[in-house]
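Below is one structure; the comments refer to it alone.
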Amino acid sequence: MTNYRGRIRTLFRHSLIALGLLGAPGSHATTLDTANLTPCYTKGLADRLMCGSVKQPLSEQDNDEKIRIHFAVIPAIKQVHPSEAILAFAGGPGQSAIEVAAVFARILRYAREDRDIILVDQRGTGKSTLLQCDMDPLEAQFAFNDDALPIFEYSRDETQKCKTKLNTDLSHFTTVAAASDFEAVRLALGYQKLHLFGASYGTRIAQEYMRRYPQAVASATLDGVVPMQQSLVAIGEAIDKSLQAIFIDCAEKADCRQQYPKLDQQYQTLITQLEAQPAIVQIPHPRTHRPIPLVLTQSKVRSAVRMALYSHTTRALVPLAISEASRENYLPLVGLMGSDSAFGSLAMGMHSAIVCGEDWPVLTPQERARFSATYFGRMMIESLDASCPVWQVDAVDKTFYQPLTTSIPTLLLSGGLDPATPPEWAELAMENMANARHLIAEEATHGVAAQSCADKLVAEFIDHGELKRLDASCLSKTAVKRYFMNPNGPVLVKEEP
């Protein structure tokens, strides 16, 4: 069974796609305990944080069973607005906000100068009743031939094992329930107004919080926007478009065209060859350099390239990785596969709770046909069709999918090269927003504030709340890194005379 050990991770990889009306219908936010704050630290951040938790009912129907929702506060550099804070929502779904505190501290460093930042481990993530499935080490993933088995059939068994291990009803881990938890944290900490910052899936929960607790929200920034009426399964089109942008860009640049002629064709040929026969080789472990076996399949190549599209640092390696793999040198590609570490930090049980309860049940036949036109869309749908009936998550109420209607000042950010949340999604999300502005950084990928001047724009927006006065011209400055022409870097090696 050793060769099968990676299947649960592969299943999830295919299916991945990445607050106050106190007393509102379904609200849990009235059942609080005192937030006793204690000093704490988190990885990657030298600053001392203040941590605490609130006790919340697990279910709307039964208040007997409680879970603890853990949170952390990154203190303002200079506390100018003690009654306000920035509430940051992590992505995924399944990411722990506290575990990525250093990332939020960097993205919101200008905004943090005079306001605290609140980070909450959404229920099912981090320390808040973590819903994590067993994952195998990287070696097992590399050795697993995921193209040789009816993986979705086998994955049903693995999903059942995880469900048995978690031993809880995933229907309680919805975006709606989480919004109530976030409001409970705000009340416990005593902030009157919040400035929301959501990234990726975090934009969905930010919108739900705005809908349920509008009087608690002073402003909202949505970065990499997921519209309430949009299924996450739709991202296959964005993945293909983002990869195609590399092929087009490389063909238009003289040095890249010279080094990687017909890159698109090279990629398709590689995929076709691996579909016919996976490559079985020994490679150095991408972190320890110890020799380990690799069964390279077309799906592993597709997944590695897909995840590389999220940042400019890894996008710069894509032409080199494809070209070298086509010559049977798989080391650059293995480097990309090894850098896919963020995946392992996602709480896959929580991820499945959200996707199976909010995205999968409402797929129409027309959407299934459209999304299945792409490789990843088809794989996601087939994967969810296999696992969601096992999870048996209740579908959320249909009102959940109504676009947010609000007059709260809202800044929406999109990257033109985003392989997950394209700019069209932000336009869809803001159709009923009366006081919103959408800014596009054409050469940004996923998460605009992390790779452009948008971090300063967000701080200015929070300080003044005026969308029109934002000078967005700086977003046109490129953040693109030059493609690697060889393993040494972006310089094209010329033959000596």
* In Å and rounded to the nearest 0.5 Å, what is the CE to CG distance from M380 to D385? -> 13.5 Å

* Who are the salt bridge (Lys or Arg N to Asp or Glu O under 4.0 Å) partners of E427, not counting sequence neighbours? -> none

* To the nearest 0.5 angstrom, please state how far the CZ atom of F142 sits from the CD atom of Q282. => 12.5 Å

* To do: Determine the interplanar angle of the F197 and F104 rings, folded into 0 to 90°, and report it as parallel if under 30°, tilted if 30 to 60°, perpendicular if over 60°.
  => perpendicular

* Structure fact -> Quick note, side-chain hydrogen bond (donor to acceptor under 3.5 Å, both in side chains) partners involving residues 410-425, not counting sequence neighbours, are S414-H438, D418-T421, D418-H446, T421-H446

* **Modelled atom types, side-chain donor and acceptor of D240 and T374, under 3.5 Å** => no

* **Closest heavy-atom pair and its distance - L475, C453** => N-SG, 3.6 Å

* To do: State plainly whether the residues D463 and R115 are in salt-bridge range, i.e. N to O under 4.0 Å.
  => yes

* Who passes salt bridge (Lys or Arg N to Asp or Glu O under 4.0 Å) against E367, sequence neighbours left out? -> none

* Asked: Mind checking whether F89 and F182 have ring centres under 6.0 Å apart?
  -> yes

* Evaluate the side-chain proximity of L309 to I246: yes if any heavy-atom separation is below 4.5 Å, no if none is. => yes

* Is a salt bridge present between D249 and R315, judged by a nitrogen-to-oxygen distance below 4.0 Å? -> no

* Is it true that atom CZ of R370 has more than 12 heavy atoms of other residues, nucleotides or ligands lying nearer than 6.0 Å? -> no

* Crowding at CD, E275 (>12 non-hydrogen neighbours, <6.0 Å) -> yes

